[in-house]
Every structure is written in C-alpha cells, then in structure tokens.
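To start, the structure itself, in structure tokens.
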Amino acid sequence: MVGIDPSPQMIETARAADGADLVEWRRLSAENWDATRDGPIDLVVTNAVLQWVPSHLDLLPRWLEALGPGGVIALQVPGNMQAPAHALMREVASTHPRAAELVPALNRARASADPTDYVRVLVGAGFEADAWETTYMHLLSGEHDEHPVLSWVRSTGLRPVRQILTEEEFVEFTSEYERRLRQAYPEEPFGVALPFRRVFAIGRRTGSVSESVSAVVGIDHVQVACAAGDEDVQRGFYAGVLGMTEIPKPPILAARGGAWFASGQAVIHVGVEADFSPARKAHPCLLVPDIDEIARRVRAAGHPVTWDDAIPGIRRFHTHDGVGNRIELQER
C-alpha cells in the first residue's frame with residue numbers, strides 16, 4: 001500500500017496515524033507519481049485532491065494504465081467552485097492590489113470536472129464507469145465571531161491566498177471577503193446553511209485475473225528455516241536487530257514451531273526444518289529506509305555486512321540471520 005502527498009507535514013501526520021506501519025508513505029505530488037512503477041495496481045483512491053491538479057484529466061489515463069485486471073479507481077472532488085463561497089473569493093482577489101498573483105492561484109484550484117468528463121475518460125480507457133454528483137447541506141454553527149463559512153474555507157479554498165499574502169494583507173483580504181459572505185450566507189436561527197456539491201466517479205477495468213498474462217499479483221510472505229529450538233535466535237535477529245514485529249501464528253501452525261514477523265509490506269515466516277542447513281544462495285531481499293542505520297545494527301549484533309554495488313544506483317548489503325540464512329538488505 002502506497003500513500004503520496006507533496007506536503008511533509010501531511011506525510012508526517014499520516015505516518016503517525018499509521019500505527020501498524022502498513023503504508024509506504026512518499027512525499028510526492030500527484031503529477032510526479034509514476035503509477036506504472038507500482039503496477040499492476042488493485043485500487044487507486046483519491047479524495048479531494050484532483051481539484052488542485054489542473055492537468056488531472058490528462059493524468060488519469062496514466063493511472064488507469066497501471067491498474068491490473070479488475071482494478072478499481074475511486075475519486076471524489078469538490079464541485080462547488082461556482083458557489084458564492086468561491087465566486088466571492090475570486091471577486092475580492094480580482095480587485096486586490098496583488099490580483100495578478102491571486103487570480104491565477106485561485107483559478108488553478110478550479111480543476112474539478114463534471115461527472116460526464118470523468119465518464120468520458122474512464123470509458124475511453126476501456127473501463128466500466130459510474131459517476132454522479134451529490135449536494136450536501138451543511139448546517140454550520142455561528143458560535144464564534146468569525147462567519148462559519150470563512151472558518152470552513154480557511155484550510156481549503158483560502159490556502160492559495162494565505163500562501164501569497166503577508167499576514168497583514170491576509171487579514172484585510174479576509175475582512176472584505178467575510179463582509180460579502182455575511183450577505184450571501186445569512187445566519188439563521190439554526191445556523192448557516194452551506195450547500196456543498198461533490199462529484200464522484202468509480203472506474204473498474206474489465207476482465208478477470210484469469211484473462212491476464214500472469215495470475216500472480218504479489219508475494220504474501222517469504223519463508224526461511226531454522227532448526228527446532230532456534231526460534232529465539234531468529235527472534236533476536238528479525239525482531240531484535242531488524243525491528244520487525246512478531247505476529248501470532250494460527251494455533252494449528254503454532255504447534256509446529258517457528259515464528260512469523262512483519263514490518264510494512266514485508267512478512268517473513270520462520271519454519272522449523274528437520275536436518276536444517278542454512279540457505280547460502282536463495283534469500284529474501286528486505287527494503288529499508290535507512291540502510292546505514294540497519295548496517296550499524298547488524299554489525300553491532302555480530303553479523304557480517306557485505307556491501308554489494310553490482311547494481312548501479314542501488315545501495316544494498318548481504319548478511320545472514322541468526323542461524324546463517326543469507327539475507328539481503330536494500331535501501332528504498
């Protein structure tokens with residue numbers, strides 16, 4: 001599973017929420033994500049992102065190409081760029097002394113398309129398509145001095161304005177903008193009514209896995225072996241040195257001994273083997289974010305670190321686990 005966002009703050013927030021370390025988070029813009037590198041992909045989900053990407057109707061076909069048989073894309077974009085909240089924002093920007101900077105920035109955030117546009121792209125790529133729009137009626141509280149719609153758009157629609165203006169200019173801008181909002185969205189006994197249109201589209205690649213060239217879609221786990229009674233030695237390496245988490249085996253399999261370990265998308269099964277001898281050639285390759293730190297831990301634990309530069313541009317080394325099985329570590 002891969003998650004992308006160009007904001008370092010968003011990536012750090014997402015990492016902190018990903019307690020099980022299930023996702024590979026990348027600081028990357030949607031335009032620069034090479035979906036084919038991660039393909040074939042089962043599912044692409046994009047929520048309230050593509051309105052910030054003016055070229056996204058040209059970008060979507062590249063993502064669709066990376067989806068495997070039966071693969072699905074699901075997207076949602078705000079469709080309210082003609083609503084008073086945004087129209088008034090553009091009006092204030094057009095009369096501002098820095099209009100030459102503000103107007104293009106706000107126009108770039110108007111990239112949302114209509115359901116028909118998304119159907120056209122999906123069907124044109126050979127996908128089954130469904131698209132629709134829904135207008136949600138938000139009842140906003142007017143408990144604070146600031147108009148509720150202004151509070152609503154501060155972290156979304158106003159972001160381009162905030163990035164351009166100084167603090168003093170931004171206060172002046174929002175003061176005039178709020179004056180116009182109060183006329184467009186009057187406060188009523190139940191609060192302020194904000195209609196919000198959203199556009200949804202889902203596309204599914206036709207065809208089944210059996211119709212593809214290969215029915216294999218990934219690797220669930222890699223198994224290494226050890227002798228009976230050496231499970232704790234392997235725990236010392238995979239959990240203690242590499243920092244992987246031991247996961248419980250199903251009871252019927254736990255009776256056979258061994259141990260399972262996981263970290264991110266990597267899963268290692270350690271199985272007990274009669275007449276065990278270490279694997280010297282066949283080996284798993286584990287991806288790590290900081291290979292120098294892993295090399296330090298491996299060496300400190302008394303295991304060898306043999307660097308290998310045979311593949312240009314790839315930093316990697318070989319070592320062996322607690323019982324002598326060959327292991328490769330590669331930086332990702």
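None of these values were measured; they are calculated from a predicted model.
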Is it the case that more than 12 heavy atoms not belonging to [X] sit under 6.0 Å from its [atom1] atom?
X	atom1	value
Q163	CD	yes
D34	CG	yes
E65	CD	no

How close do [X] and [Y] get, heavy atom to heavy atom, and via which atoms?
X	Y	result
G157	M89	O-SD, 3.4 Å
A35	W63	CB-CD1, 3.9 Å
E331	I291	OE2-N, 3.1 Å
V53	L59	CG1-CD2, 4.3 Å
N325	P278	OD1-CA, 3.5 Å
F261	I247	N-CG1, 4.3 Å

Starting from [Y], can I reach [X] by hopping between I/L/V/M/F/W/Y residues whose side chains sit under 4.5 Å apart?
X	Y	answer
I327	V233	no
I202	V49	no
V270	L329	yes

Do side-chain atoms of [X] reach the backbone of [Y] as a donor and acceptor pair under 3.5 angstrom?
X	Y	result
E273	C226	no
T319	P304	yes
R280	G324	yes
Q330	R316	no
Q51	V77	no
S112	P78	yes
K249	G257	yes
R326	A279	no
S263	A266	no

side-chain contact (heavy atoms from CB on, under 4.5 Å) between F173 and L158, worked out
CA-CA 10 Å; F173 184 100; L158 276 174; 4.0 Å; yes
Let me see the working for H56 and Y118 under ring pair (Phe, Tyr, Trp, His ring centres under 6.0 Å), right down to the final yes or no.
CA-CA 10 Å; H56 77 265; Y118 295 116; 5.7 Å; yes
Please list, chain by chain and in numerical order, all residues satisfying salt bridge (charged side-chain N to carboxylate O under 4.0 Å, His left out) with [X], sequence neighbours excluded.
X	result
D114	R197
E91	R180
E246	R235

If you measure only the distance, is there a donor-acceptor pair under 3.5 Å linking the side chains of [X] and [Y]?
X	Y	result
S151	E146	yes
T166	E169	yes
S55	D58	no
H283	E328	yes

Non-hydrogen side-chain atoms of [X] and [Y] separated by less than 4.5 Å:
X	Y	answer
F127	T206	no
V267	H269	yes
E12	Q9	no
T135	N80	no
V72	D42	no
L75	F200	no
L165	L102	yes
R26	V2	yes

Please report the interatomic distance [atom1]([X]) to [atom2]([Y]), rounded to the nearest 0.5 Å.
X	Y	atom1	atom2	value
R154	T174	CZ	OG1	5.0 Å
Q223	I268	CD	CD1	9.5 Å
L242	L286	CG	CG	6.5 Å
T46	I4	OG1	CD1	8.0 Å
L194	W152	CG	CH2	6.0 Å

Could you check whether R179 makes a cation-pi contact with Y177, meaning its NZ or CZ is under 6.0 Å from the centre of the six-membered ring and within 45° of the ring axis?
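Because its charged atom misses either the 6.0 Å distance or the 45° angle limit, R179 does not stack over Y177.
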Report yes or no: is the cationic atom of R62 (NZ for Lys, CZ for Arg) under 6.0 Å from the centre of the six-membered ring of W33, at an angle within 45° of the ring normal?
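No, R62 does not sit over the ring of W33.
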For the ring pair W307 and H318, is the centre-to-centre distance below 6.0 Å?
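Here the rings of H318 and W307 have centres that are no less than 6.0 Å from each other.
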Can you label the angle between the H147 ring and the Y185 ring as parallel, tilted or perpendicular, going by 30° and 60°?
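Aromatic pair H147/Y185 classed tilted.
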Report, one line per pair, each donor and acceptor closer than 3.5 Å where one atom sits in a side chain of residues 294-303; sequence neighbours left out.
{"unit_1": "R296", "atom_1": "NE", "unit_2": "E293", "atom_2": "OE1", "d": "3.1"}
{"unit_1": "R296", "atom_1": "NH2", "unit_2": "E293", "atom_2": "OE2", "d": "2.7"}
{"unit_1": "R297", "atom_1": "NE", "unit_2": "E293", "atom_2": "OE2", "d": "3.3"}
{"unit_1": "R297", "atom_1": "NH1", "unit_2": "V241", "atom_2": "O", "d": "3.4"}
{"unit_1": "H303", "atom_1": "ND1", "unit_2": "H320", "atom_2": "O", "d": "3.1"}

Does the side-chain contact (heavy atoms from CB on, under 4.5 Å) test come out yes or no for R98 and I164, once each step is laid out?
CA-CA 9 Å; R98 300 182 68 177; I164 292 171; 3.7 Å; yes
For a side-chain contact (heavy atoms from CB on, under 4.5 Å) check, start with the C-alpha distance between D5 and W25, then their side-chain angles and the critical distance, and finish with the verdict.
CA-CA 8 Å; D5 196 287; W25 297 103; over 6 Å; no
Qualifying residue, where the test is salt bridge (charged side-chain N to carboxylate O under 4.0 Å, His left out) with R315 and the options are D309, D308, D292:
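Only match with R315 under salt bridge (charged side-chain N to carboxylate O under 4.0 Å, His left out): D292.
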Side-chain ion pair, R198 and E133, N-O less than 4.0 Å
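No, R198 and E133 are not salt-bridged.
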In plain terms, say whether R182 and E187 are close enough for a salt bridge, that is, a side-chain N and a carboxylate O under 4.0 Å apart.
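Judged by the 4.0 Å cut-off on N to carboxylate O distance, R182 and E187 do form a salt bridge.
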R205 vs E128, side-chain contact (heavy atoms from CB on, under 4.5 Å): CA-CA, chis, key distance, verdict:
CA-CA 6 Å; R205 184 183 287 281; E128 296 175 348; over 6 Å; no
Less than 3.5 Å apart, which donor and acceptor atoms pair up between the side chains of residues 119-126 and the rest of the protein, not counting sequence neighbours?
{"unit_1": "R120", "atom_1": "NH1", "unit_2": "D117", "atom_2": "OD1", "d": "3.2"}

M137: hydrophobic cluster co-members (side-chain, 4.5 Å)
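In the cluster with M137 are L139, F190.
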